[in-house]
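Down below is the structure, laid out as structure tokens.
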Amino acid sequence: MSDQKKISTAKNFQIQKDSNFEETVEWIESLDEIVKFSGRERGKFIVQKLVERAHELGAQLPFNANTPYVNTITKIDQPKFPGDRDIERKIKSINRWNAVALVVKANKKHDGLGGHIATFQSAATLYQIGFNHFFKGKGDGFDGDQVFFQGHASPGIYAQAFLEGRLTETNMNNFRQELEVGGGLSSYPHPWLMPNFWEFPTVSMGLSPLSAIYQARFNHYLKDRGIKDTSNQQIWSFLGDGEVDEPESLGAITLASREGLGNLNFVINCNLQRLDGPVRGNGKVIQELETVFRGAGWNVIKVIWGNDWDPILEKDYSGLLVQRMSEVVDGDYQKYVVENGSYFREHFFSKYPEILKLVENINDKDLKHLKRGGHDPEKVYAAFKNAYECKEKPSVILAKTVKGYGMGDAGEGKNITHQQKKLTMDQLKLFRDRFDIPISDKDINNIPFYRPKEGSEELQYALDCRNDLGGFVPSRKTLTNGIDLPVSDSYKEFYLGNDRPVSTTMACVRLMSILLKDKIIGKRIVPIVPDEARTFGMESFFRDVGIYSHLGQLYKPVDSDTFLYYKEAKDGQILEEGITEAGSMASFTAAGTAYATHGVDMIPFFIYYSMFGFQRIGDFIWAFGDVRGRGFLLGATAGRTTLNGEGLQHQDGHSHILASTVPNIVAYDPAFACEIAVIIKNGLKRMYQDREDIFYYLTLHNENYSMPALKKGSESGILNGLYKFQSGEKKSIKAHIFGSGAIMSEVLKAQNILSKEYNISADVWSATSYKQLRQDALSVERWNMLNPKKSPKKPYVTQLLENEPGPFIAVSDYMKLISDQISKWVPGGIRSLGTDGFGRSDTREALRRHFEVDHGMIVVTVLYELFLRKQINIDLLNKAMTNFKIDNKKLNPLFI
Ligand SMILES: Cc1ncc(C[n+]2csc(CCOP(=O)(O)OP(=O)(O)O)c2C)c(N)n1
Ligand SMILES: [Mg+2]
């Protein structure tokens with residue numbers, strides 16, 4: 001150690017109250033020698049051994065997962081920058097300008113359209129390094145990277161695409177005006193709205209990091225199962241530092257390290273601000289995240305300071321500069337951005353005379369402009385390269401930036417910057433000057449987009465970069481050819497029916513097992529289950545197709561001597577996700593979009609407790625619709641009374657209502673195995689052969705009853721949502737009962753009682769999908785209104801029922817709203833029975849009485865409707881009330 005360093009270190013140690021400075025220096029000098037003569041690895045090893053020894057001696061070392069508040073990659077380890085700094089700066093500046101112009105123009109035209117400037121300005125260098133050096137395009141095949149862009153950084157991504165010539169000026173002029181002639185640009189990444197451009201909907205924060213992790217894992221799955229070699233594909237997930245507070249963002253980071261996802265890179269833009277203000281004003285978000293990610297086993301790369309800090313840090317012999325860097329909180333760092341250089345000097349450097357001296361030759365202006373790491377292309381490149389080359393574990397880049405960088409007075413570092421979308425002409429001019437945009441004072445009034453001439457060096461450079469990396473990013477491609485589907489034999493046993501009582505869950509699992517054996521689609525099926533395989537009777541899958549594990553099975557399972565042992569395998573097919581519906585949904589998404597991300601059709605079946613689907617992970621399901629995912633969601637053990645005994649956090653009586661909010665879901669509540677077979681067969685055809693951008697939701701139940709054969713000619717009715725399942729015996733008085741799912745068993749009982757004991761004929765209809773019926777009716781109504789001169793059409797449900805006399809009673813194990821939704825198209829309307837209210841844990845029988853959906857209540861309801869129509873007299877109704885012990889003082893289940 002040099003004398004100069006010794007003196008400074010002594011001072012530092014005095015501050016830290018070192019009781020034996022000479023001894024401490026001796027130890028440090030020993031380490032210096034080891035590293036000098038035997039290298040860093042040896043130094044690391046010795047320190048590790050000392051730590052172990054300290055533990056043995058009982059010296060309790062405080063846990064600290066943090067490294068000092070400086071760049072992880074030291075100056076000497078920084079690779080040479082392979083690009084042309086000048087040209088890359090020009091490209092980045094053009095993108096900066098066009099991103100600003102995009103938002104300012106849109107809001108000038110239509111006040112309040114929104115958009116974000118500050119986010120991209122802080123992240124511009126991060127993205128530009130990606131575009132110029134890392135993001136692989138899909139090329140001729142599907143071997144590109146998967147890049148999850150931060151949603152509200154979209155203006156910058158549009159700017160890059162505009163530069164590349166992929167978007168026109170008309171597109172740009174119509175940012176957030178998608179309905180304009182010539183087409184506009186969607187606010188955020190939405191594959192639903194821009195299906196050839198955006199790949200991943202990321203703006204609902206937290207979904208993207210979780211999805212990226214499971215995407216990376218799914219890429220391993222495809223490779224390990226021999227379906228596609230994904231080894232050269234990387235996943236880049238760009239996040240905000242505020243976004244990391246969403247529980248989903250960090251919720252699966254241990255999965256990423258456990259699975260050794262070296263293909264995964266998070267880039268967290270730490271501009272220290274979110275929407276309202278600082279992310280951690282009183283702390284340090286970068287240090288906090290370092291702890292979390294290092295603790296989870298990630299490769300953590302901090303990019304905090306730009307190159308111009310290096311010579312200053314080199315002279316920090318006392319370590320006091322690094323100490324000062326570490327002790328200042330983020331709220332103060334934000335303050336330094338908005339204040340001038342003298343403030344920075346006074347409040348940051350003056351704390352210790354040693355470090356004040358370090359900057360005595362730097363003037364205030366230069367001091368203020370010392371760069372943060374995330375704005376320095378060389379530092380950012382080094383970090384990306386390190387992440388890219390780290391193959392054994394996931395990497396996270398924590399890049400410190402300034403929110404609204406370059407916006408100056410208009411917002412740089414200010415708390416209001418996130419929502420700043422209007423810049424004055426003077427502010428625009430300053431921005432133009434700062435980034436050397438060649439637009440004259442005369443032209444700037446129109447806020448023109450700037451695109452350099454064809455053949456100019458900037459343009460050529462940008463295009464060459466993309467060309468070398470295999471194509472444009474983002475870019476969404478889709479397969480157009482359908483796949484061959486299983487022959488009808490696969491469905492035969494379900495069409496034939498069976499007297500043996502089974503549940504629809506068992507029937508569906510049986511169908512899945514048959515499909516898994518299918519020669520063509522078998523290997524494409526991805527069964528996904530969050531720790532409920534035994535609940536749904538799927539244990540046989542364990543042995544038949546295995547549980548996927550990148551590591552295979554390193555242990556002898558406890559049940560290895562049984563037939564259905566817990567078999568994990570590297571080429572296992574089941575994704576047994578453990579207790580994470582969100583993670584399972586992310587896997588479902590990776591599999592359901594593989595046709596677009598990988599050019600491979602995969603058929604995911606995600607089976608879960610229906611209560612923990614829509615209401616728990618509804619946002620992921622909505623995003624699945626946006627991303628045009630395909631697959632089957634299976635809400636098992638559904639129904640508020642069919643699943644009995646579990647109480648109000650398990651018994652689902654509303655997932656079909658929530659399903660009805662997603663436009664491209666096709667949702668069914670089938671009662672019988674044959675209906676399930678018809679629906680799944682049709683789903684496979686529509687999604688994988690006709691290539692419709694839809695996905696399926698089926699509720700399945702756990703009540704056992706015998707399964708009837710498929711009624712001749714009933715397929716289209718099943719698919720349209722309603723068909724006559726069983727006519728009543730011929731009688732003079734007629735009624736109709738719609739039953740769905742397992743409640744059908746109560747309906748059939750009621751039909752029998754009505755006939756035998758009350759001499760009333762009730763036709764029983766199976767209502768497989770109220771959503772389908774409603775969508776059809778709405779479309780017809782709309783067509784009629786828009787075509788008043790043409791003869792009006794009739795909704796399917798009206799056509800089906802218009803010649804049927806008598807009242808219509810609908811019964812489901814869901815809230816009454818589910819059947820009420822088609823009431824207006826049913827002649828005379830519908831009276832609904834359903835399960836409104838929290839409910840109880842009790843037997844099926846007791847619950848059905850509680851909710852008033854049991855056969856007795858169905859009989860009484862039919863009679864009441866007939867009484868209202870004067871088709872029967874009150875005595876018959878009273879007789880039923882007495883027979884079924886209907887108590888008119890019973891409390892309303894809706895409110896209790
Ligand atoms: C789930 C969710 N909640 C709220 C928002 C609204 N929102 C959009 S951006 C933003 C702040 C983002 O801060 P940060 O993640 O730090 O990103 P930055 O813009 O600073 O890069 C908020 C609250 C959202 N998009 N998604
Ligand atoms: Mg932020």
Side-chain angles (χ1 to χ4, degrees), residues 138 142-149 189 191 198-202 204 206-237 248-249 251-253 255-256 258-266 394 474 476-479 523-530 547-550 571-578 580-608 617 619-633 687-688 693 695:
K138 288 201 180 78
F142 278 84
D143 45 7
D145 289 348
Q146 280 121 26
V147 186
F148 290 73
F149 293 99
W198 292 115
E199 287 188 279
F200 306 106
T202 49
S204 174
L207 303 195
S208 151
L210 191 96
S211 303
I213 291 174
Y214 282 86
Q215 179 71 55
R217 207 273 301 256
F218 192 72
N219 288 11
H220 276 191
Y221 174 90
L222 288 177
K223 176 162 188 276
D224 289 342
R225 287 196 51 215
I227 290 172
K228 185 186 175 218
D229 184 0
T230 55
S231 35
N232 288 326
Q233 296 176 274
Q234 295 263 316
I235 287 85
W236 299 92
S237 175
E248 294 88 348
S249 300
I253 61 171
L255 173 113
R258 201 162 61 236
E259 297 270 339
L261 300 179
N263 55 348
L264 175 66
N265 312 296
F266 273 16
R476 189 174 176 278
K477 278 188 181 181
T478 52
L479 277 178
K523 67 173 192 302
R524 297 175 184 273
I525 290 178
V526 186
I528 304 168
V529 63
I547 296 163
Y548 171 69
S549 162
H550 187 54
D571 61 352
Q573 197 161 348
I574 308 169
L575 289 174
E576 159 62 272
E577 299 293 9
T580 167
E581 281 76 14
S584 305
M585 189 63 207
S587 279
F588 184 71
T589 306
T593 53
Y595 72 95
T597 44
H598 288 296
V600 179
D601 274 304
M602 300 302 285
I603 309 172
F605 284 79
F606 169 25
I607 185 163
Y608 55 91
I617 50 162
D619 204 11
F620 276 101
I621 298 178
W622 179 262
F624 191 81
D626 185 344
V627 80
R628 296 167 179 261
R630 297 169 190 166
F632 295 94
L633 290 176
M687 292 187 285
Y688 294 95
D693 288 323
F695 61 116

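For clarity, every value in this text was computed on a predicted model and none was experimentally measured.
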Do F620 and S211 have side chains that get closer than 4.5 Å, going by heavy atoms?
yes

Could you measure the distance from the CG atom of L575 to the CZ atom of F588? Nearest 0.5 Å is fine.
12.0 Å

Minimum-distance pair of heavy atoms, taken over all atoms of F606 and I617:
CE2-CD1, 4.1 Å

When you compare the side chain of D143 with that of N232, does any pair of heavy atoms fall below 4.5 Å?
no

First locate atom OH of Y548, then atom CD of E259, and finally report the distance between them rounded to the nearest 0.5 Å.
6.0 Å

Go through it in stages, so that I can follow the logic: the residues are N219 and Q146, the test is side-chain contact (heavy atoms from CB on, under 4.5 Å), and I'd like the CA-CA distance, side-chain angles, deciding distance and then a yes or no.
CA-CA 10 Å; N219 288 11; Q146 280 121 26; 2.9 Å; yes

Of all heavy-atom pairs linking G599 and L479, the shortest is O-CD1, 3.5 Å

Return the CG to NE2 distance between L261 and H220, rounded to the nearest 0.5 Å.
5.5 Å

Mutual orientation of the aromatic rings belonging to F218 and Y221 [parallel < 30°, tilted 30-60°, perpendicular > 60°]:
parallel

Closest approach of I235 to A216 (non-hydrogen atoms, all atoms of both residues):
CD1-CA, 3.6 Å

Closest approach of K523 to R225 (non-hydrogen atoms, all atoms of both residues):
O-NH2, 2.8 Å

Working for side-chain contact (heavy atoms from CB on, under 4.5 Å), residues L255 and Y214:
CA-CA 9 Å; L255 173 113; Y214 282 86; 4.1 Å; yes

Knowing that exactly one of K477, R476, K138 qualifies, which makes a salt bridge (charged side-chain N to carboxylate O under 4.0 Å, His left out) with E199?
K138

Answer yes or no: is there a donor N or O on one side and an acceptor on the other, between the side chain of D229 and the main chain of S231, under 3.5 Å?
yes

Side chain proximity check, F149 to W198, heavy atoms < 4.5 angstrom
yes

Side-chain contact, heavy-atom cut-off 4.5 Å: M687 with F632?
yes

Salt bridge check, R630 against D693: does any charged N sit closer than 4.0 Å to a carboxylate O?
yes

Determine the minimum heavy-atom distance between V600 and K228, stating which atoms define it.
CG2-CD, 4.0 Å

4.5 Å side-chain heavy-atom contact, M602 and L222:
yes

Can you check whether D145's main-chain N or O pairs, donor with acceptor, with Q233's side chain at less than 3.5 Å?
no

Closer than 3.5 angstrom, by distance alone: can the side chain of Q215 be matched with the main-chain N or O of R217 as a donor-acceptor pair?
no

Start with the C-alpha distance between F266 and I213, add both sets of side-chain angles, then the distance that settles side-chain contact (heavy atoms from CB on, under 4.5 Å), and finish with yes or no.
CA-CA 9 Å; F266 273 16; I213 291 174; 3.8 Å; yes

Would you indicate whether the side-chain heavy atoms of D626 and P191 approach each other to under 4.5 Å?
yes

CG of D224 to OG1 of T230: how many Å apart, nearest 0.5 Å?
8.0 Å

Within the structure provided, determine whether F200 and T597 are in side-chain contact (heavy-atom separation under 4.5 Å).
yes

Taking the side chain as every heavy atom from C-beta outward, state whether R628 and Y595 have any pair of such atoms under 4.5 Å apart.
yes

Output the distance between atom OG (S549) and atom CZ (R258), rounded to the nearest 0.5 Å.
10.0 Å

Can you tell me how far apart OG1 (T580) and CG (L210) are? Round to the nearest 0.5 Å.
6.5 Å

Identify the heavy atoms of S237 and P209 that sit nearest to each other, and give their distance.
OG-CA, 3.9 Å

Pair L633, F695 - check side-chain contact (heavy atoms from CB on, under 4.5 Å), show working.
CA-CA 8 Å; L633 290 176; F695 61 116; 3.9 Å; yes

